[in-house]
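Worksheet: the structure to be examined is printed underneath.
A quick note: this is a predicted structure, and the numbers were derived from the prediction, not measured. Chain letters run A, B, ... following the sequence lines, proteins first, then strands; residues in each count from 1.
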Number of protein chains: 2
Amino acid sequence: MDAVDRKILALLQQNADISISDLAEEIGLTATPCWRRMQRLQQAGLITRKVALLDAQKLGLSMTVFVQVKAAQHDGKWLDRFARHASSFDEVVEFYRMSGEYDYLLKVMVKDMQCFDHFYKRLVNGIDLNDVTSSFAMEQIKYSTAMPLQHL
Amino acid sequence: MDAVDRKILALLQQNADISISDLAEEIGLTATPCWRRMQRLQQAGLITRKVALLDAQKLGLSMTVFVQVKAAQHDGKWLDRFARHASSFDEVVEFYRMSGEYDYLLKVMVKDMQCFDHFYKRLVNGIDLNDVTSSFAMEQIKYSTAMPLQHL
DNA sequence: AGTGAAATTCCTCACGA
DNA sequence: TCGTGAGGAATTTCACT
């Protein structure tokens with residue numbers, strides 16, 4: 001992966017709608033080699049897929065909650081079960097196993113507090129948890145799907 | 001926005017590469033009205049843009065850190081200055097103003113610990129902060145840009 | 001709002017440098 | 001590995017239902 005490939009990735013992760021010819025022009029190439037590079041990057045799995053990003057506010061999904069969880073048990077079986085359980089909710093938009101005091105961090109998107117309560121009950125009902133604490137986002141200051149390619 | 005529009009959004013946020021004719025077929029329409037609906041959804045800003053998602057692992061961006069920050073002051077001027085300061089880093093991929101003990105939550109993506117340290121120094125140097133704590137993600141169990149449209 | 005066809009643009013694959 | 005050109009497929013527009 002050279003500098004040209006990195007430029008292609010940088011442009012595509014900002015705007016995947018750009019036509020091959022425009023993309024080619026931006027990086028100082030013609031359409032065909034540019035297209036071939038993009039194909040390679042896709043086949044190599046560097047580009048996983050292209051998606052449309054939606055406006056959460058306009059959709060009425062105004063509530064973002066970060067839920068921190070402490071595991072009830074620390075054996076592999078429990079971990080695996082919890083991973084599958086929490087992943088299955090489509091309100092859970094991101095989900096990490098963490099170092100530190102809490103074992104898991106979930107980013108949850110819902111319409112309102114009632115929906116969050118409903119989600120919360122379903123989350124804790126399915127499985128044994130030790131400690132669950134929710135922090136509410138008041139304001140989204142930045143959200144980007146673009147990775148910092150500058151620093152590679 | 002009716003059920004057909006919602007179905008278009010649901011499909012496009014999973015895969016923006018789908019052709020208009022395939023999309024139209026999926027929702028039981030022909031290409032033109034489907035295309036017109038998509039245009040409307042884009043003009044209305046419900047679809048903000050289309051982007052390529054990259055594989056962080058394969059790029060070598062294997063480190064995700066959640067940084068929690070307490071404000072030094074709580075006047076609007078400081079808040080605005082901090083929002084601009086932290087947003088300016090492209091390592092900061094998400095950034096929220098929070099309720100609860102900590103005022104801000106930042107999701108940071110970097111290559112390794114050295115890069116994180118470099119970022120951290122630049123973050124705290126630019127501005128006066130009261131308390132900064134970093135939690136490291138050991139494993140990404142789920143990451144999705146798709147909003148839960150089911151629950152609207 | 002939906003259909004079908006026409007025009008235009010873009011993607012894709014030859015081949016040559 | 002890049003560029004040119006041609007064929008074919010897709011998008012986009014338009015007139016009509």
Side-chain angles (χ1 to χ4, degrees), chain A residues 1-61 145-152, chain B residues 1-61 111 144-152:
Chain A
M1 219 212 13
D2 59 5
V4 178
D5 282 341
R6 223 168 304 132
K7 199 155 184 190
I8 291 175
L9 293 176
L11 288 166
L12 284 178
Q13 76 175 343
Q14 296 296 341
N15 176 23
D17 252 348
I18 189 171
S19 75
I20 290 285
S21 39
D22 286 353
L23 182 64
E25 195 177 6
E26 289 260 15
I27 60 177
L29 241 59
T30 49
T32 303
C34 178
W35 177 82
R36 276 202 285 253
R37 277 171 182 270
M38 198 179 82
Q39 291 296 98
R40 258 197 324 122
L41 291 167
Q42 241 156 356
Q43 246 120 51
L46 282 164
I47 298 172
T48 52
R49 56 174 169 169
K50 296 178 185 171
V51 299
L53 298 181
L54 310 184
D55 188 313
Q57 294 291 330
K58 288 185 179 154
L59 284 168
L61 285 166
T145 57
M147 322 239 154
L149 301 176
Q150 261 66 35
H151 310 80
L152 288 180
Chain B
M1 216 209 19
D2 60 4
V4 177
D5 282 341
R6 222 169 302 133
K7 199 155 185 189
I8 292 175
L9 293 176
L11 288 167
L12 284 177
Q13 77 173 342
Q14 295 296 340
N15 176 22
D17 252 348
I18 189 171
S19 75
I20 290 285
S21 39
D22 286 353
L23 182 63
E25 193 177 10
E26 289 259 18
I27 60 176
L29 238 60
T30 47
T32 305
C34 179
W35 179 82
R36 277 204 284 252
R37 277 172 182 271
M38 199 179 80
Q39 291 297 99
R40 257 199 321 124
L41 291 167
Q42 243 157 352
Q43 247 119 51
L46 281 163
I47 299 170
T48 51
R49 55 177 170 170
K50 296 178 185 172
V51 299
L53 299 180
L54 309 185
D55 188 313
Q57 293 292 329
K58 288 184 178 155
L59 284 168
L61 286 166
K111 197 175 63 182
S144 173
T145 57
M147 322 240 154
L149 301 176
Q150 261 66 36
H151 308 81
L152 290 180

Scan the side chains in residues 20-27 of chain B for donor-acceptor partners under 3.5 Å anywhere in the protein, sequence neighbours excluded, and list what turns up.
| unit_1 | atom_1 | unit_2 | atom_2 | d |
| --- | --- | --- | --- | --- |
| S21(B) | OG | S19(B) | OG | 3.2 |

- Message: Checking the side chain of S144(B) only, and the main-chain atoms of A146(B) only, is there a donor and an acceptor separated by less than 3.5 Å?
- Response: yes

- Item | Partner set under side-chain hydrogen bond (donor to acceptor under 3.5 Å, both in side chains) for D5(B), not counting sequence neighbours | R37(B), R40(B)

- Item | Atom P, compared across dT12(D) and dT12(C): separation rounded to whole Å | 15 Å

- With sequence neighbours left out, what residues match A56(A) under side chain to side chain contact (heavy atoms under 4.5 Å, CB included)? L61(A), M109(A), M147(B)

- Any residue of residues 2-23 of chain B with a heavy atom less than 4.0 Å from an atom of DNA chain D: S19(B), I20(B), S21(B)

- What distance separates L9(A) CG from K7(A) NZ, expressed to the nearest 0.5 Å? 13.0 Å

- Query: What is the 5' to 3' range of DNA chain D, first to last nucleotide, that sits under 4.0 Å from any heavy atom of chain B?
  - Reply: dA10(D) to dC14(D)

- Query: Heavy-atom contacts under 4.0 Å between residues 24-50 of chain A and DNA chain C, which residues?
  - Reply: T32(A), W35(A)

- Could you list the residues that satisfy side chain to side chain contact (heavy atoms under 4.5 Å, CB included) with R6(A), not counting sequence neighbours? M1(A), L149(A)

- Task: Return the minimal non-hydrogen interatomic distance between D17(B) and N15(B), and the atom names on each side.
- Result: N-OD1, 2.9 Å

- Is any side-chain heavy atom of K111(B) closer than 4.5 Å to a side-chain heavy atom of L152(A)? yes

Name every donor-acceptor pair, under 3.5 Å, that has one atom in a side chain of residues 41-50 of chain B and the other anywhere in the protein, sequence neighbours excluded.
| unit_1 | atom_1 | unit_2 | atom_2 | d |
| --- | --- | --- | --- | --- |
| T48(B) | OG1 | L53(A) | O | 2.9 |
| R49(B) | NH1 | Q14(A) | O | 2.9 |
| R49(B) | NH1 | Q14(A) | OE1 | 3.3 |

- Taking 5' to 3' order, which nucleotide of DNA chain C is first and which is last to have an atom within less than 4.0 Å of a heavy atom in chain A? dC11(C) to dC13(C)

- Those stems involving DNA chain C that have three or more consecutive Watson-Crick or G-U pairs, both distances under 3.5 Å, are C:1-10 with D:8-17, C:12-17 with D:1-6

